[in-house]
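Quick note: residue numbers are just sequence positions, from 1.
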Amino acid sequence: MKITSYGINAVNAYKNQVRNVKSDINKASFADKIEISKAAQDMKSVSTYSTERADRVQQLKKDIDSGEYKVDARKVAEDMLKYYRF
C-alpha cells in the first residue's frame, strides 16, 4: 500500500512558533550574584578579637616564663565538672 500526501505541505508546528526573546532580561538573569549576610559582615568588622587574643596569649607566656602565673585549682575543677555534667 502506498500512502501519498495530497495537498498537505510539510507541516512542522514547532518551526513556525514565535519565540518571545527579551535579550536584556536573559543577559541579566544569567549573571552571577554574591550576597553577604549581615552576620558575615558583622564578623568581618570584629577583627579586634584576634589582636586581643594575641595580646592575652603574649601576656600569659610572659607570666608563665617569669613564674608569676598561678593556676586556681578550684576554678579548673569547677569548669571541668560543668563541662562533663552538661
Side-chain angles (χ1 to χ4, degrees):
M1 170 182 217
K2 185 176 182 182
I3 300 175
T4 58
S5 58
Y6 292 104
I8 299 174
N9 295 330
V11 176
N12 186 352
Y14 297 107
K15 183 177 180 182
N16 294 330
Q17 285 182 344
V18 177
R19 292 179 54 190
N20 191 3
V21 177
K22 297 178 183 177
S23 62
D24 295 338
I25 294 173
N26 287 342
K27 288 180 184 176
S29 67
F30 291 114
D32 291 336
K33 209 191 267 189
I34 296 176
E35 293 182 13
I36 300 174
S37 68
K38 180 70 176 158
Q41 291 173 357
D42 291 342
M43 289 173 63
K44 182 180 177 185
S45 66
V46 182
S47 63
T48 60
Y49 174 75
S50 61
T51 57
E52 291 172 1
R53 183 172 171 86
D55 292 341
R56 174 73 174 141
V57 169
Q58 290 299 325
Q59 182 62 38
L60 287 172
K61 285 182 179 181
K62 183 179 174 185
D63 290 346
I64 291 170
D65 290 340
S66 67
E68 296 176 9
Y69 183 73
K70 303 295 182 202
V71 177
D72 184 8
R74 182 174 298 275
K75 177 70 174 157
V76 171
E78 287 174 1
D79 289 343
M80 287 175 66
L81 286 173
K82 284 181 189 176
Y83 178 78
Y84 286 110
R85 284 186 182 164
F86 298 107

(message) Going by the rule side-chain contact (heavy atoms from CB on, under 4.5 Å), which residues pair with Lys70 if we only count those two or more places apart in sequence or in a different chain?
(response) none
(message) Restricting to side-chain contact (heavy atoms from CB on, under 4.5 Å), what partner residues turn up for Ala40, sequence neighbours left out?
(response) Ile36, Ser37
(message) Please enumerate all residues that pass side-chain contact (heavy atoms from CB on, under 4.5 Å) together with Glu35, with sequence neighbours excluded.
(response) Lys33
(request) Supply the members, apart from Met80, of the Ile/Leu/Val/Met/Phe/Trp/Tyr cluster built from side-chain contacts under 4.5 Å; use none for a lone residue. (result) Leu60, Ile64, Tyr69, Val71, Val76
(message) Show every salt bridge (Lys or Arg N to Asp or Glu O under 4.0 Å) that has at least one partner inside residues 58-69, sequence neighbours left out.
(response) none
(request) List in chain and number order the residues that pass side-chain contact (heavy atoms from CB on, under 4.5 Å) with Asp72, two or more places apart in sequence or in another chain; answer none if no residue qualifies. (result) Arg74, Lys75
